[in-house]
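A short worksheet on the structure shown next.
Keep in mind the model is a prediction, meaning the values are calculated, not measured.
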Amino acid sequence: MCGIVGVIGEPHANQVIYDALTVIQHRGQDAAGIMTCDRGRVHLKKDNGLVRDVFEDRHMAQLHGNLGIGHVRYPTAGCDSRAEAQPFYVNSPFGLAISHNGNLTNLSDLRIALFEEDLRQLNTSSDSEVLLNVLAHELRVSVGATKQRADPKDIFAAIRGVFRRCRGGFSVVGIIVGYGLIAFRDSHGIRPLIFGTKSAPNGKSVMVASESVALDVCGYSGETDVMPGEAIFVDTQGNIHREICAENPSLSPCLFEYVYLARPDSTIDKVAVYKSRLRMGNLLGKRLLGQWPDHDIDVVIPVPDTSRTAALQMANVMGIKYREGFIKNRYIGRTFIMPEQEQRQKSVRQKLNPIGLEFRDKNVLLVDDSIVRGTTSRQIIQMARDAGAKKVYFASAAPPVRHPNVYGIDMPAASELVASGRTIEEIRNEIGADFLIFQALNDLIESVRAGNPAIHDFESSCFSGEYITGDVTPGYLRSLDCDRRKDKSLQTGDALNLTDVGPISEFDPQ
């Protein structure tokens, strides 16, 4: 999970991109980057850290242009160097840059083909650099050896080539220097992408982003989802060109976006995330009453922040008091997206502090959006006991996460998942709860589909073990697990500095 933004037509694209990135900062806290384009020259600033820390006034002053893209990185195993922060850039053909959200499942094959067949050198271990180089090669092929300029037909032909070669879940925004802004989404629509427009001093401005909230905050309207397998090209005159470039596309968005990843004030594929979470709480409350009609729960308390909506609706359905029992320190990063387990364990007590009077001598139902590794849940349950709770019950608004996710969420190793190979009772015992209930997968699907009945299928692999791209085998998962363990045992160094790659200005991070 990362956050991406692209803007064209704004006199000061840098400021609009900065504002949008701060709104989708929840999608990645590990690194941030902005690239702008001004009269044929690109300017880049990227580094590890939050948006507010990476960009200072002196950096923003040098990010000239009315066209640009931005990225906030979510750390995956082995991806911690500044060189792997995005956007990525290559200077041929034309000058091409992308920001990417997702993961390629045929990465190894693509690396070999790029080196042996396309004669392209890679500088990092990032699949985003692979995707960029595939796009660059396909654009070079579609334009041909004799043409000096590309047209929309050439650009869409290149993106069709990307869809033929790349598998997995991905949303992309990019710059073609001298031409405009491009954006495209994988053929299953696993990772979200939306665009909108607004009036600008010189005509019309277009923004493409991971979530609709970025467009809302920056004043863009007419939000439209980029369809599965669709590509968008916005030229320098503001003309929007759209074309379906993948064969047999079908909408199957990631369920985990609605459970946890997206902001509640976003709308993804015409489904309001907030409303979907209300429905999750409604169905989970009914499920609990059906399993335990004579419960002795005194109070419902959410684990901040994502579960608040579901917890409130659970309390309403069950006729139980809802209370805020944990105060969150907002200056500590979200533990789920921290790259190391030790960091996650250390930060839980730093970021959450219980209000003792809400726990003391009560039977408490804690509600969280999901249980992934179980470490955080275990610590929070113990915190509730330490605060004086008589009994601590636990409810998850999502089903058990039993399988790796390979489409851009950092939980690829089954051995790290507390639900993998365990029964509900064994999970309950592992996290130390007195009672444990999970959402049913069918209820979760219904909670989301109710917002858009046109969605016939969902990417639910982490719950069901069924991988919608059809290319994820047990051998692939074993290899991924092995690579992850190897990454954890190595220190990753920086690759080549981008100041060496051509007509590009990057600013001293000091």
Side-chain angles (χ1 to χ4, degrees), residues 4 6 33 35-37 40-44 46 67-69 71 83-104 106-168 170-186 208 231-236 241 243 245-246 495-504 506:
I4 59 176
M35 175 179 283
T36 60
C37 183
R41 183 177 177 84
V42 292
H43 309 280
L44 172 66
K46 63 178 183 177
L67 166 62
I69 57 176
H71 188 270
E84 296 194 2
Q86 297 185 45
F88 279 115
Y89 172 86
V90 291
N91 56 19
S92 177
F94 309 117
L96 184 64
I98 67 164
S99 292
H100 163 227
N101 172 32
N103 186 60
L104 302 181
N106 61 332
L107 181 61
S108 297
D109 292 341
L110 288 171
R111 285 185 177 278
I112 294 170
L114 282 169
F115 183 76
E116 295 183 352
E117 300 172 19
D118 300 346
L119 308 180
R120 304 190 72 91
Q121 174 64 40
L122 300 173
N123 292 327
T124 73
S125 61
S126 171
D127 64 338
S128 303
E129 188 190 18
V130 169
L131 198 154
L132 171 62
N133 277 272
V134 170
L135 176 59
H137 175 80
E138 294 298 325
L139 185 57
R140 178 70 273 175
V141 170
S142 67
V143 172
T146 58
K147 290 178 66 175
Q148 298 298 312
R149 296 282 299 173
D151 56 32
K153 181 180 178 181
D154 298 323
I155 293 169
F156 289 131
I159 296 173
R160 281 197 296 273
V162 172
F163 281 116
R164 284 194 301 270
R165 298 178 64 177
C166 297
R167 297 194 299 271
F170 51 88
S171 290
V172 175
V173 294
I175 294 171
I176 304 177
V177 177
Y179 290 87
L181 181 74
I182 59 170
F184 53 93
R185 188 180 182 192
D186 69 80
V208 187
I232 295 175
F233 168 52
V234 187
D235 63 33
T236 54
H241 310 265
E243 187 170 315
C245 294
L496 295 179
N497 192 303
L498 279 174
T499 53
D500 300 327
V501 298
I504 181 170
E506 185 176 11

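Under the rule for a salt bridge (Lys or Arg N to Asp or Glu O under 4.0 Å), the partners of Arg165 that lie at least two apart in sequence or sit in another chain are Asp118, Glu138. Annotation: side-chain contact (heavy atoms from CB on, under 4.5 Å) contacts of Asn133 (sequence neighbours excluded): Val90, Leu114, Arg120, Leu122, Glu129.
Looking only at distances, no side-chain donor or acceptor of Asp127 sits under 3.5 Å from a matching main-chain atom of Leu107.
Closest approach of Ala150 to Val143, counting heavy atoms only: CB-CG2, 3.7 Å. Taking each heavy atom of Phe156 and Glu243 in turn, the nearest pair found is CD1-OE1, 3.4 Å. Ile175 and Cys37 make their closest contact through CG2-CB, 4.3 Å (heavy atoms, listed as atom of the first residue, atom of the second, distance). Across every non-hydrogen atom of Phe115 and Gln121, the tightest pair is CE1-OE1, 3.9 Å. Closest approach of Ala136 to Ser92, counting heavy atoms only: CB-O, 3.7 Å. Taking both residues in full, the closest heavy atoms of Cys166 and Val134 are given as SG-CG1, 4.1 Å, listed atom of the first, atom of the second, then distance.
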Test side chain to side chain contact (heavy atoms under 4.5 Å, CB included) applied to Leu181 and Leu67, step by step: CA-CA 7 Å; Leu181 181 74; Leu67 166 62; 3.9 Å; yes

Test side chain to side chain contact (heavy atoms under 4.5 Å, CB included) applied to Ile232 and Val208, step by step: CA-CA 10 Å; Ile232 295 175; Val208 187; 5.6 Å; no

Verdict with supporting geometry, Val172 and Ile4, side chain to side chain contact (heavy atoms under 4.5 Å, CB included): CA-CA 7 Å; Val172 175; Ile4 59 176; 5.6 Å; no

Verdict with supporting geometry, Arg111 and Ser125, side chain to side chain contact (heavy atoms under 4.5 Å, CB included): CA-CA 10 Å; Arg111 285 185 177 278; Ser125 61; 4.0 Å; yes

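To the nearest 0.5 Å, the span separating CG on Asp235 from OH on Tyr179 amounts to 11.5 Å. The OG atom of Ser171 sits 11.5 Å away from the CD1 atom of Ile98 when rounded to the nearest 0.5 Å. Put simply, CZ on Phe94 and CD on Gln148 are 8.5 Å apart, with the number rounded to the nearest 0.5 Å.
Taking the six-membered ring where the residue is Trp, His241 and Phe233 present parallel rings, their angle staying beneath 30° rather than reaching 60°.
The side-chain tip of Arg160 does not point at the ring of Phe184 from less than 6.0 angstrom away and within 45° of straight on.
Among the candidates Glu84, Gln86, His71, the single residue satisfying the side-chain hydrogen bond (donor to acceptor under 3.5 Å, both in side chains) test with Ser128 is Gln86.
When side chains are defined from C-beta on, Phe88 does not count as touching Met35, because their heavy atoms never get closer than 4.5 Å.
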